[in-house]
Amino acid sequence: MIKAVIFDLDDTLCPEIEYVKSGFREIAKSYNDSTLYEKLYSLFLTDRNNVYQRAGFSEDECKRCIEIYREHKPDITLSEDAEKTLLCLKKQGKKLGLITDGRPHGQWNKIYALGLDKIMDYIVVTDELGGIEFRKPNPRAYELMKEKFGVEYSEMVYVGDNLSKDFTAPKKLGMSYCYYHNTNGLYAVQENEVLDIKKINKLSEVINL
């Protein structure tokens, strides 16, 4: 029986593209330039690399844009599907966990903006465990979830969207896991045939697994 459900954050519970848009809006606001948002977003959609340089900013201005983007409090919300799923699982008595990679300050800003600090029973931002080497597929975050919840690995399920790193540790540890096939994910890849991973197209499908 599954007692704990662990989620990824970016492009699983929250579309990463919405965070990107939020950051660009904050930059445009800081420059008091209503056209800058559309310019940055258009450049990003064309090529995600060197967006600020391609926008014509100087080196110092690029640094300023990066700082604004990383430090801003994002204007993002949980999707109806994600909120419904989390609240339903909580009502069922499941323990809810979150494992996310990335710069801690930025990830916690997302977590607070989404209200996940009030919903999740335990949150691990992997970089806080000792650096980027603790990012997925490092198993330490999953081990901490097991210890925190006092359950067996076989009683945990992990839900994520990244085939290259999300499921390596759960598979080795003997956890259940399912792949959230997010076709609108910012870093979505064309997956090959996946034979040993349960695939879902809506987060609410987790409820009936």
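Scope of the values below: all heavy atoms of this structure, side chains included, with no hydrogens, waters or symmetry mates. Note that the structure is predicted; figures quoted are calculated from it, not measured.
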So [Y] and [X], do their side chains get closer than 4.5 Å, heavy atoms only?
X      : Y      : answer
His105 : Glu71  : yes
Ile76  : Lys110 : yes
Leu98  : Ile6   : no
Glu155 : Ile2   : no
Leu9   : Val125 : no
Asp8   : Leu13  : no
Leu144 : Leu129 : yes
Ile119 : Leu96  : yes

Name of the residue among Val157, Thr85, Asp161 meeting side chain to side chain contact (heavy atoms under 4.5 Å, CB included) with Phe7: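 Answer to the side chain to side chain contact (heavy atoms under 4.5 Å, CB included) test with Phe7 among Val157, Thr85, Asp161: Thr85.
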Output yes when a side-chain donor or acceptor of [X] lies under 3.5 Å from a complementary backbone atom of [Y], and no otherwise.
X     : Y      : answer
Arg48 : Leu43  : no
Glu18 : Cys14  : no
Lys73 : Ala113 : no

Considering all heavy atoms, the nearest [X]-[Y] contact:
X      : Y      : value
Gln92  : Ile207 : NE2-CG2, 3.4 Å
Asp81  : Leu203 : OD2-N, 2.8 Å
Thr126 : Ile99  : CG2-CG2, 3.9 Å
Gly56  : Glu61  : O-OE1, 4.4 Å
Val51  : Asp47  : CG2-O, 3.7 Å
Ala82  : Ser79  : N-OG, 3.0 Å

What distance separates [X] [atom1] from [Y] [atom2], expressed to the nearest 0.5 Å?
X      : Y      : atom1 : atom2 : answer
Ile197 : Cys178 : CD1   : SG    : 9.5 Å
Cys88  : Glu83  : SG    : CD    : 12.5 Å
Trp108 : Asp117 : CH2   : CG    : 7.0 Å
Leu78  : Leu116 : CG    : CG    : 5.0 Å
Ile123 : Thr100 : CD1   : OG1   : 9.5 Å
Thr35  : Leu40  : OG1   : CG    : 9.0 Å

[X] with [Y]: basic N within carboxylate O range, under 4.0 Å:
X      : Y      : result
Arg70  : Glu26  : no
Arg140 : Glu143 : yes
Asp121 : Lys90  : yes
Asp33  : Lys39  : no
Asp127 : Arg103 : no

Just do the side chain to side chain contact (heavy atoms under 4.5 Å, CB included) check on Thr168 and Lys136 with the steps written out, would you? CA-CA 8 Å; Thr168 304; Lys136 294 169 279 186; over 6 Å; no
Would you verify whether the NZ or CZ of Lys199 falls within 45 degrees of the ring axis of Tyr179 while also being under 6.0 Å from that six-membered ring's centre?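 Geometry flag: not set, cation outside 6.0 Å or 45°.
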Whether Lys21 engages the ring of Tyr37 as a cation-pi pair (distance to the six-membered ring centre under 6.0 angstrom, angle to the ring normal within 45°) should be assessed.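 No, a cation-pi geometry is absent between Lys21 and Tyr37.
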Under 6.0 Å between the ring centres of Phe57 and Tyr31?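 Aromatic pair counts; centres sit under 6.0 Å.
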Do Phe24 and His72 make the cut of ring centroids closer than 6.0 angstrom?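 Phe24 vs His72: aromatic centres not under 6.0 Å.
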[X] atom [atom1]: more than 12 heavy-atom contacts under 6.0 Å:
X     : atom1 : value
Glu80 : CD    : no
Ile66 : CD1   : yes
Lys95 : NZ    : no
Lys29 : NZ    : no

Between Gln107 and Asp101, does any side-chain donor sit less than 3.5 Å from a side-chain acceptor?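 No, because no side-chain N or O of Gln107 sits under 3.5 Å from a partner of the opposite role on Asp101.
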Test item: side-chain donor near acceptor, Asp60 and Ser58, under 3.5 Å: no
Residue of the set Tyr19, Phe44, Tyr52 for which ring pair (Phe, Tyr, Trp, His ring centres under 6.0 Å) holds with Tyr69: Tyr19
Sort out for me which residue in Tyr158, Tyr153, Tyr177 forms a ring pair (Phe, Tyr, Trp, His ring centres under 6.0 Å) with Tyr142.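 The option that passes is Tyr158.
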Is Leu87 reachable from Met120 through a run of hydrophobic residues whose side-chain heavy atoms are each under 4.5 Å from the next?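 Met120 and Leu87: separate clusters.
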Joint hydrophobic cluster, Leu114 plus Tyr112, side-chain heavy atoms closer than 4.5 Å: yes
Restricting to side-chain contact (heavy atoms from CB on, under 4.5 Å), what partner residues turn up for Asp75, sequence neighbours left out? Ser22, Arg25
Please assess Lys3 against Met156 for the test side chain to side chain contact (heavy atoms under 4.5 Å, CB included), listing each intermediate value before the final yes or no. CA-CA 6 Å; Lys3 296 181 179 179; Met156 299 167 60; over 6 Å; no
Stepwise side chain to side chain contact (heavy atoms under 4.5 Å, CB included) check, Ile200 with Val159: CA-CA 9 Å; Ile200 58 173; Val159 183; 4.2 Å; yes
